[in-house]
There are 2 protein chains.
Amino acid sequence: MTSIKQIAKEVGASVSTVSRALNGYHDVNPKTREKVIEAARNLNYFPSSAARSLVTKRTYMIGLFFGDNVNSGFEDPFFQKVLSAIRELVGDAGYDLLVFTNKNKERATYTTLCRERGVDGTILILTGREKQVNSQLTDLQNSGIPCVAIDVPLEGDRCTYVESDNFLGMKKAVSYLAGLGHRQIAFIGGDEVSKISLDRLNGYRSGLNDAGISYDPDLIEMGYYAKEYAELAVKNILKKNKKVTAFVCASDVMAFAAIETLQEEGCSVPGEASVIGFDDVNEAAGYHIPLTTVKQNKEEIGRAATEQLLKIIEDPALSPSPIMIPCELIVRQSAAEAPKKT
Amino acid sequence: MTSIKQIAKEVGASVSTVSRALNGYHDVNPKTREKVIEAARNLNYFPSSAARSLVTKRTYMIGLFFGDNVNSGFEDPFFQKVLSAIRELVGDAGYDLLVFTNKNKERATYTTLCRERGVDGTILILTGREKQVNSQLTDLQNSGIPCVAIDVPLEGDRCTYVESDNFLGMKKAVSYLAGLGHRQIAFIGGDEVSKISLDRLNGYRSGLNDAGISYDPDLIEMGYYAKEYAELAVKNILKKNKKVTAFVCASDVMAFAAIETLQEEGCSVPGEASVIGFDDVNEAAGYHIPLTTVKQNKEEIGRAATEQLLKIIEDPALSPSPIMIPCELIVRQSAAEAPKKT
DNA sequence: GTTTATTACAAAAACGTTTTTGGAAAACAA
DNA sequence: TTGTTTTCCAAAAACGTTTTTGTAATAAAC
């Protein structure tokens with residue numbers, strides 16, 4: 001590594017002058033600046049970000065945490081797109097992305113890890129189903145570290161979150177089904193704890209309500225966003241209620257699982273049963289029965305999260321508020337008119 | 001940030017003693033060590049990695065570069081799995097992952113970016129189709145920065161690369177088709193420049209050769225790993241040669257495109273034409289015609305790359321050699337016996 | 001009871017930057 | 001001329017660590 005000292009020696013100036021020349025300060029003679037820049041170029045100089053950040057307190061790194069859920073992270077079909085958007089915007093703004101992966105820190109928390117690396121801000125990509133993370137989250141909320149979470153309610157001085165309008169999204173799906181004549185609409189939910197799951201459930205109930213359909217707990221099962229559990233959920237509902245004609249699912253993977261299970265049980269989709277998913281992942285359109293689903297605007301979520309974070313970083317006084325991104329019902333072929341009663 | 005100084009003041013010791021106590025040196029009294037650790041815990045102390053790395057020359061960060069290709073990065077279905085494996089192993093080894101995304105550096109190169117951030121090593125995820133990157137690559141090769149590339153031949157003192165056995169993989173596909181009676185086997189290649197594309201082409205030719213089939217340039221088209229180009233390629237081949245009964249493609253996306261195009265042209269798959277892909281992406285198994293394809297062992301590629309990189313970092317004397325990961329033919333339903341001649 | 005080893009600590013230098021402060025030289029004003 | 005700006009630069013402190021070197025105080029050896 002060539003340092004600022006070597007440049008100083010090269011051009012016969014002091015270290016401070018070189019620094020000021022390189023950083024475009026006004027009180028340096030154009031000629032010396034030229035010489036400095038020339039020398040820097042020749043010596044292939046680039047400033048050590050560690051040394052710099054030690055004094056400036058800025059690293060131009062954005063931290064990234066993934067939930068410990070297996071699907072979370074690079075492989076999750078939903079988060080991929082969110083990530084791409086984040087990557088894009090963060091890069092445009094002149095930051096690099098630090099993905100926290102180190103597993104050898106015993107007592108580390110989100111906060112300590114951020115402080116240790118000195119990231120300027122951080123993005124949390126969680127599912128809301130992580131365990132024993134709550135104390136860490138409140139800790140982070142109070143830390144003053146600029147931070148925005150995705151899908152998980154996080155509010156503080158310099159903290160906020162971004163999510164889809166899960167309530168309205170799910171409501172749209174149910175209203176659509178009701179419009180097609182369905183009255184027995186089952187709900188394959190995510191889980192019983194996370195905000196997004198609860199919002200989707202409430203959207204479902206609100207949709208039923210608007211359509212004048214009474215809520216039947218027998219039609220509710222949780223699928224935990226996993227294929228296996230979703231299959232079980234569908235089977236359970238079929239056992240309890242033979243008359244169900246539609247399934248609305250809290251994710252596309254669960255919708256795929258539902259369709260497969262229904263077909264295995266000899267029930268055609270969408271002829272005898274309609275299925276609607278949530279997310280609109282890549283596979284949804286090309287699925288053998290193109291999936292009708294509630295699309296989450298993933299790019300927009302990533303974009304909003306990044307922009308918000310950058311704003312929080314820029315302006316210490318800003319007190320941010322949560323951002324909600326609209327969902328859109330994508331009509332394809334997995335939901336159709338309710339079968340006529342026989 | 002609470003610093004080592006504050007701990008020193010707290011316990012009435014010198015800065016150096018605190019440092020040595022925390023780092024487990026032997027020449028510190030057990031009692032003072034206890035006090036120091038206690039204080040560190042109470043003050044919620046974590047060492048500034050910037051300050052530390054300034055003197056130790058280690059950051060415990062692994063750099064990550066993505067090719068500028070659109071598909072490259074978080075969204076590429078192939079690299080996702082590679083990435084997951086990298087993430088896992090890097091984390092186990094006590095490193096974090098620095099994704100280079102900053103676009104505001106004018107004259108930056110791989111090498112300068114690595115030096116600037118001080119990463120201990122770096123992984124290159126490229127496609128081999130990046131433009132004007134060659135000089136940067138040779139620069140990196142000579143830099144002495146530990147580095148392993150994926151799919152792109154990179155060799156140097158502390159540089160190497162990992163790739164699938166593309167030659168043998170493609171050869172297996174062709175041999176399989178030949179075994180099914182196909183004689184007119186078209187090849188939808190990747191591109192004309194990258195090593196992996198060339199290796200796959202050579203595997204194709206070798207497969208033909210072994211089966212006693214002569215090579216026909218009319219059956220070769222490039223699809224540039226993109227849906228649109230692959231469609232064009234298939235149409236061109238159909239124009240030139242009506243008798244072709246099989247298509248082997250250098251990627252799954254191109255295979256999907258081929259199947260769709262064939263069906264549009266009124267040619268049933270696998271009845272009238274067989275199609276084999278390459279990669280075995282997630283969608284392959286669930287595709288409406290489950291795709292027969294050459295599976296790249298993505299997790300293994302990521303694992304090998306990471307392990308190799310860590311070894312290079314550990315041992316400055318090690319001169320690494322390239323690693324080749326075997327491919328496996330996954331037989332599903334998109335390839336069948338050649339139709340009888342009519 | 002002196003010499004030698006051992007134990008436990010502190011002081012200071014170093015890493016590569018930025019930033020603050022101060023001041024000489026040059027330019028301008030009177 | 002003298003006084004006052006302005007222009008340009010250097011010295012030094014600071015950021016938070018690690019590491020090297022030195023040295024008291026204590027323990028062991030004879």
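Naming: A, B, ... by sequence-line order, numbering from 1 per chain. Values in this document were obtained by computation on a predicted structure and should not be read as measured data.
- Of the candidates C/dA8, C/dT18, D/dG16, the closest approach to any side-chain atom of A/Ser19 belongs to C/dT18.
- Donor-acceptor pairing under 3.5 Å, judged by distance alone, is absent between the side chain of A/Ser14 and the base of D/dA11.
- With C/dG16, D/dT20, D/dT18 as the choices, the nucleotide that has an atom nearest any side-chain atom of B/Arg20 turns out to be D/dT20.
- A tilted orientation is assigned to the rings of A/Tyr60 and A/Tyr95, their planes being inclined by 30° to 60°.
- Of the residues near DNA chain C, B/Ala51 and B/Val28, the one whose nearest nucleotide (by heavy atom distance) lies more toward the 5' end is B/Val28.
- Judged by distance alone with a 3.5 Å cut-off, no donor-acceptor contact links the side chain of A/Asn29 to the base of D/dC9.
- Proximity note for A/Thr56 (side chain, C-beta onward) versus C/dT17, C/dT18, C/dA11: the nearest is C/dT18.
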Kindly determine whether B/Asp151 and B/Lys195 satisfy salt bridge (Lys or Arg N to Asp or Glu O under 4.0 Å), including the steps that lead there. CA-CA 8 Å; B/Asp151 276 0; B/Lys195 179 172 187 300; over 6 Å; no
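- Across the protein-nucleic acid pair, B/Asp27 atom CG and D/dT18 atom P stand 14 Å apart, rounded to whole Å.
- The side chain of B/Val55 sits closest to C/dC15 out of C/dC15, D/dA10, D/dC15.
- The shortest side-chain heavy-atom distance between A/Glu163 and A/Ile325 does not fall under the 4.5 Å cut-off.
- Here the C1' atom of nucleotide D/dC15 and the CD atom of B/Gln6 are 13 Å apart, to the nearest Å.
- When each of D/dA12, C/dT17, D/dT19 is scored by its nearest atom to the side-chain atoms of B/Tyr25, the top-ranked nucleotide is D/dT19.
- No donor-acceptor pair closer than 3.5 Å links the side chain of B/Ser53 to the backbone N or O of B/Thr59.
- Out of C/dT19, C/dC15, C/dT17, the shortest distance to the side chain of B/Lys57 is found at C/dC15.
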